[in-house]
Colleague: 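Sharing a structure, written as structure tokens. Questions coming.
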Amino acid sequence: AFAGFLAAAAFLLPLALFLVRQDFGRLGSPFEIYRADEFLDDARHVDSLSAFLAGYVERMPTLSLHGGHFPPGHAVFLVAVGRAFGFGTLPAGIAVLACFAIGILVCWSAIRERCPGRAGRQAALLLLACPSMLDFACTSMDAVFLLFAALALRAGLRAFETGASVRRAIGAGVLIGLRLPGWR
């Protein structure tokens, strides 16, 4: 029951904060404030994902400000969202907000294993009391980064548990490896 409540709160609280300032149809619009600076602009120009990834280093000087300075993970995510739901700002905004909500659930899962019961639930709710987390959940690709960082954190913590298996250690290494070069 708490997981459902937490997921709803993680989705609705940032959305409510956004709706105080703008209409729902403008969700994701911060990805176009500086059109040539954002990953969404890069994603809209990707014809072949394999070619984009294969030539990413050579292509970096021609990408947006963010795309030219970060690994391709954010653009790849937005390409996937765009191909599934369209390259508008609204699908991108909803997808980023959903990643934030899932990231909060993953954080709670990691916290719950170390602080079971009430303390773990309180800690997870405190994440939603951080103003910058709520604000960036609808306006920044940092919300996507949160999801992958939380997955890597949870896997890393589980790999260091007493009696942890080699499989957990390998899984943690893979997730940390994906998180580091692919997302930031």
Side-chain angles (χ1 to χ4, degrees), residues 1-33 38-40 43-44 66 70 73-159 161 168 171-172 174-176 178-180 182-184:
F2 182 75
F5 170 78
L6 185 62
F11 193 87
L12 295 174
L13 287 172
L15 182 59
L17 179 62
F18 181 84
L19 293 175
V20 168
R21 297 178 288 212
Q22 293 180 289
D23 294 330
F24 179 76
R26 300 285 300 152
L27 186 65
S29 63
F31 299 135
E32 288 191 323
I33 290 174
E38 297 293 340
F39 297 108
L40 185 57
R44 288 174 172 160
H66 289 125
F70 290 101
H74 291 306
V76 169
F77 173 78
L78 290 171
V79 167
V81 169
R83 288 184 180 170
F85 303 105
F87 284 93
T89 58
L90 184 60
I94 291 170
V96 167
L97 183 54
C99 284
F100 174 78
I102 295 166
I104 293 294
L105 286 172
V106 174
C107 287
W108 173 57
S109 176
I111 293 167
R112 175 179 66 175
E113 291 177 1
R114 274 120 203 104
C115 303
R118 185 177 182 178
R121 291 189 299 274
Q122 289 173 338
L125 289 172
L126 282 173
L127 291 173
L128 296 179
C130 298
S132 59
M133 284 189 75
L134 294 178
D135 197 28
F136 285 113
C138 290
T139 61
S140 170
M141 291 301 290
D142 288 346
V144 178
F145 176 71
L146 168 70
L147 171 59
F148 286 90
L151 286 167
L153 171 69
R154 183 176 182 272
L157 290 172
R158 294 183 89 204
E161 290 176 349
R168 278 192 181 176
V174 168
L175 283 171
I176 291 169
L178 286 173
R179 200 262 333 137
L180 291 174
W183 294 94
R184 268 231 165 142

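Numbers here are sequence positions counted from 1. Computation of the quantities below employed the complete heavy-atom set of this structure, encompassing side-chain atoms and omitting hydrogens, waters and symmetry-equivalent molecules.
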Colleague: Give, for atom CZ of F2 and atom CG of L105, the distance between the pair rounded to the nearest 0.5 Å.
Modeller: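 Spacing of CZ (F2) from CG (L105) equals 9.0 Å.
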Colleague: Considering non-hydrogen atoms only, spot the tightest contact between G88 and P91 and give its length.
Modeller: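 Of all heavy-atom pairs spanning G88 and P91, the closest is O-CD, 3.3 Å.
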Colleague: Just how far is it from atom CZ of F148 to atom CZ of F77, taken to the nearest 0.5 Å?
Modeller: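 So the CZ of F148 and the CZ of F77 are separated by 7.5 Å.
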Colleague: Find out whether R154 and E113 are in side-chain contact, i.e. whether some heavy atom of one side chain is under 4.5 Å from a heavy atom of the other.
Modeller: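 In short, these two side chains touch, coming nearer than 4.5 Å.
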Colleague: Considering residues, nucleotides and ligands other than R158, do more than 12 of their heavy atoms fall under 6.0 Å from its CZ?
Modeller: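 Atom CZ in R158 is packed in, count exceeds 12.
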Colleague: Could you report the tightest heavy-atom contact between V81 and A95, atom names first, then the distance?
Modeller: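 The answer is CG2-CB, 3.6 Å.
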Colleague: Do you know the tightest heavy-atom contact between A150 and G103?
Modeller: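 Closest pair (atom of A150, atom of G103, distance): CB-O, 3.9 Å.
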Colleague: Would you call F11 and I104 a side-chain contact if the rule is heavy atoms closer than 4.5 Å?
Modeller: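 Side-chain contact under 4.5 Å: no.
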Colleague: With a sphere of 6.0 Å drawn around CZ of R118, does it hold more than 12 non-hydrogen atoms of other residues, nucleotides or ligands?
Modeller: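 Counting neighbours around CZ of R118, 12 or fewer heavy atoms of other residues, nucleotides or ligands fall under 6.0 Å, so no.
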Colleague: Drop me the distance from M133's CE to S140's OG, to the nearest 0.5 angstrom.
Modeller: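 Atom-to-atom, M133:CE and S140:OG are 11.5 Å apart.
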Colleague: Kindly indicate whether the side chain of L15, heavy atoms from C-beta on, has any atom under 4.5 Å from the side chain of F100.
Modeller: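 A side-chain contact under 4.5 Å is absent here.
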Colleague: So how far is it from C107 SG to L126 CG, rounded to the nearest 0.5 Å?
Modeller: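 One gets 12.5 Å once the value is rounded to the nearest 0.5 Å.
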Colleague: Do you know the tightest heavy-atom contact between A101 and A7?
Modeller: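 Result for this residue pair: CB-O, 4.0 Å.
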Colleague: Students often mix this up, so state it plainly: with edges at 30° and 60°, are the rings of F39 and H74 parallel, tilted or perpendicular?
Modeller: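 Rings of F39 and H74: tilted, 30 to 60°.
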Colleague: So, for P30 and T139, which heavy atoms are closest and what is the spacing to 0.1 Å?
Modeller: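 Result for this residue pair: CG-CG2, 3.7 Å.
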Colleague: So how far is it from S29 OG to L40 CG, rounded to the nearest 0.5 Å?
Modeller: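 The CG atom of L40 is 11.0 Å from OG of S29, to the nearest 0.5 Å.
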Colleague: Does the side chain of V96 come within less than 4.5 Å of F31's, by heavy atoms?
Modeller: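 The answer is yes, as the side chains (C-beta and beyond) meet within the 4.5 Å cut-off.
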Colleague: If you look at every heavy atom in A124 and L6, which pair is closest and at what distance?
Modeller: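 Closest approach of A124 to L6, heavy atoms only: CB-CD2, 3.9 Å.
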Colleague: Would you call R21 and D135 a side-chain contact if the rule is heavy atoms closer than 4.5 Å?
Modeller: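 R21 reaches D135 side chain to side chain.
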Colleague: Heavy-atom distance under 4.5 Å between the side chains of V144 and L78, does that happen here?
Modeller: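 In short, these two side chains do not touch, never coming nearer than 4.5 Å.
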Colleague: Would you say R114's side chain and L157's backbone share a donor-acceptor pair under 3.5 angstrom?
Modeller: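 Yes: the side chain of R114 pairs with the backbone of L157.
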Colleague: Between atom CG of L146 and atom CD1 of I102, what is the distance when rounded to the nearest 0.5 Å?
Modeller: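 Reported to 0.5 Å precision, the distance equals 11.0 Å.
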Colleague: Quick one: are C138 and L27 in side-chain contact, heavy atoms under 4.5 Å?
Modeller: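 SC-SC contact between C138 and L27 confirmed.
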Colleague: Assess the residue pair F24 and L90 against the criterion (side chain to side chain contact (heavy atoms under 4.5 Å, CB included)); give the C-alpha distance rounded to whole Å, side-chain angles, the decisive distance to 0.1 Å, and a yes or no.
Modeller: CA-CA 8 Å; F24 179 76; L90 184 60; 3.9 Å; yes
